[in-house]
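Presented below is the structure to which this report refers.
The structure presented is a predicted model; accordingly, all values stated were derived computationally and were not measured.
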Amino acid sequence: MNNRSPVRFSQALSLVLLFVVVGTQDSVEGRLIPAISNKPHPNDAAAYARWLVSQNSWGVLSTISSGLGGAPFGNVVSFSDGLPNEGSGVPYFYLTTLDPTASNALKDKRSSLAISEYPLGTCGKRDPEDPVCAKITLTGKLVLVDVNSKAAEFARNALFAKHPEMKGWPKDHNFQIFKLEIDDIFLINWFGGPKPLTVDQYLHAKA
């Protein structure tokens, strides 16, 4: 046997392991994330919506701008609805009033959060606007959570589990916890237009 064969085998094995490790990283965010759980069937609108929110970590949060004459203001924000694979369906945010989103919400609570399936890597080669690549918009009120409440404790655990970097954000920026109280749900996950889905059906679906 060639003396170099074990060395070559070891090198090949190392490359394979490297590809496996790299393959577990999110290609969009460039960081390790939990494995994406199997998505529900498109006909199960409530379960699909909960899966889409739970698996994602960011979206576009829109508020009514107080500085732009009431124009809508969309902002990319991080969020979490619970610990990994234990989502509640309610998005929580860690925001500072140094940013327009939080300051807008304190003056006018009307808000919406748009989320796409595309960042999860489960849309294949489909365009993000393709109906089969699901998208959801949660519309409601963006409200400040009482810092001493159980909801705040839940939110902190949920946010810091999914976004560990938040723990080190500057204290003098006065980051506060907000949540979206959902009034309406717009979901498209297949051809034929938005799926009928009530807030009650959404919140009581199995995540």
Side-chain angles (χ1 to χ4, degrees), residues 17-37 39 49-63 65 67 72-106 109 111-123 128 133-182 207:
L17 291 174
L18 176 62
F19 287 135
V20 170
V21 171
V22 172
T24 62
Q25 296 185 0
D26 186 286
S27 60
V28 177
E29 298 183 7
R31 61 185 175 87
L32 292 175
I33 59 171
I36 302 299
S37 63
K39 61 182 177 181
R50 288 288 298 274
W51 171 85
L52 188 56
V53 172
S54 178
Q55 296 298 315
N56 261 290
S57 61
W58 64 274
V60 176
L61 183 59
S62 296
T63 52
S65 174
F73 178 81
N75 200 3
V76 172
V77 297
S78 300
F79 75 90
S80 178
D81 76 327
L83 295 175
N85 299 316
E86 297 180 15
S88 66
V90 177
Y92 289 89
F93 310 88
Y94 199 46
L95 305 173
T96 169
T97 51
L98 296 178
D99 184 275
T101 298
S103 58
N104 287 340
L106 292 176
K109 296 181 176 62
S111 308
S112 65
L113 176 67
I115 302 167
S116 170
E117 183 183 342
Y118 193 82
L120 301 179
T122 51
C123 290
C133 187
K135 55 188 174 184
I136 188 170
T137 300
L138 306 175
T139 301
K141 301 176 183 66
L142 187 61
V143 299
L144 186 63
V145 177
D146 181 355
V147 68
N148 297 315
S149 65
K150 290 184 178 180
E153 181 181 0
F154 172 87
R156 273 191 294 270
N157 292 333
L159 286 163
F160 294 168
K162 189 171 281 189
H163 307 281
E165 181 185 329
M166 288 180 173
K167 294 179 182 180
W169 286 358
K171 301 298 182 183
D172 60 359
H173 282 38
N174 192 31
F175 280 93
Q176 296 173 288
I177 296 172
F178 288 76
K179 74 172 182 178
L180 185 65
E181 294 183 345
I182 305 169

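Closest approach of S54 and K162 over heavy atoms only: O-NZ, 2.8 Å. What you find for V53 and G89 is that their closest heavy atoms are CG1-O, 4.4 Å.
With a 4.5 Å cut-off on side-chain heavy atoms, F178 and L106 count as touching. When side chains are defined from C-beta on, Y94 counts as touching I177, because their heavy atoms get closer than 4.5 Å. With contacts defined as side-chain heavy-atom distances shorter than 4.5 Å, the pair E181/V90 does not qualify.
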List the atom pairs, with distances to 0.1 Å, where a side-chain N or O of residues 151-160 and a protein N or O form a donor-acceptor pair under 3.5 Å, not counting sequence neighbours.
from, atom 1, to, atom 2, distance (Å)
N157, ND2, E153, O, 3.3

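For D146, the side-chain contact (heavy atoms from CB on, under 4.5 Å) criterion is met by N148, S149, not counting sequence neighbours. Annotation: side chain to side chain donor-acceptor pair (under 3.5 Å) contacts of T97 (sequence neighbours excluded): none. Residues forming a side chain to side chain donor-acceptor pair (under 3.5 Å) with N56 (at least two apart in sequence, or on another chain): none. Here K39 pairs with Y48, W51, E117, T122 under the side-chain contact (heavy atoms from CB on, under 4.5 Å) rule; sequence neighbours left out. Taking the side chain to side chain donor-acceptor pair (under 3.5 Å) definition, one finds that S111 meets it with nothing, sequence neighbours left out. Listed by chain and number, the residues in a salt bridge (charged side-chain N to carboxylate O under 4.0 Å, His left out) with K109 amount to none (sequence neighbours excluded). Checked against side chain to side chain donor-acceptor pair (under 3.5 Å), T101 has the following partners two or more places apart in sequence or in another chain: N75, D99. Remark: T137 engages S112, A114, T139, F186 in a side-chain contact (heavy atoms from CB on, under 4.5 Å) (not counting sequence neighbours).
Residues in residues 166-178 take part in these side chain to side chain donor-acceptor pair (under 3.5 Å) pairs, two or more places apart or across chains: E165-W169.
Using modelled atom types, one side-chain atom of S116 and one backbone atom of Y118 make a donor-acceptor pair closer than 3.5 Å.
Atom OG of S103 sits about 8.5 Å away from atom CZ of F73, to the nearest 0.5 Å. Within the model, atoms CG of L113 and CG of L180 stand 6.5 Å from one another, a figure rounded to the nearest 0.5 Å. Interatomic distance, CG of L61 versus OG of S78, reported as 11.0 Å (0.5 Å rounding). Here CG of N104 is found 9.5 Å from CG of L142. Values are rounded to the nearest 0.5 Å. Once rounded to the nearest 0.5 Å, the distance linking CG of D81 with OG of S57 reads 11.0 Å. In this structure, W58 CH2 and F79 CZ are separated by 10.0 Å, a value rounded to the nearest 0.5 Å.
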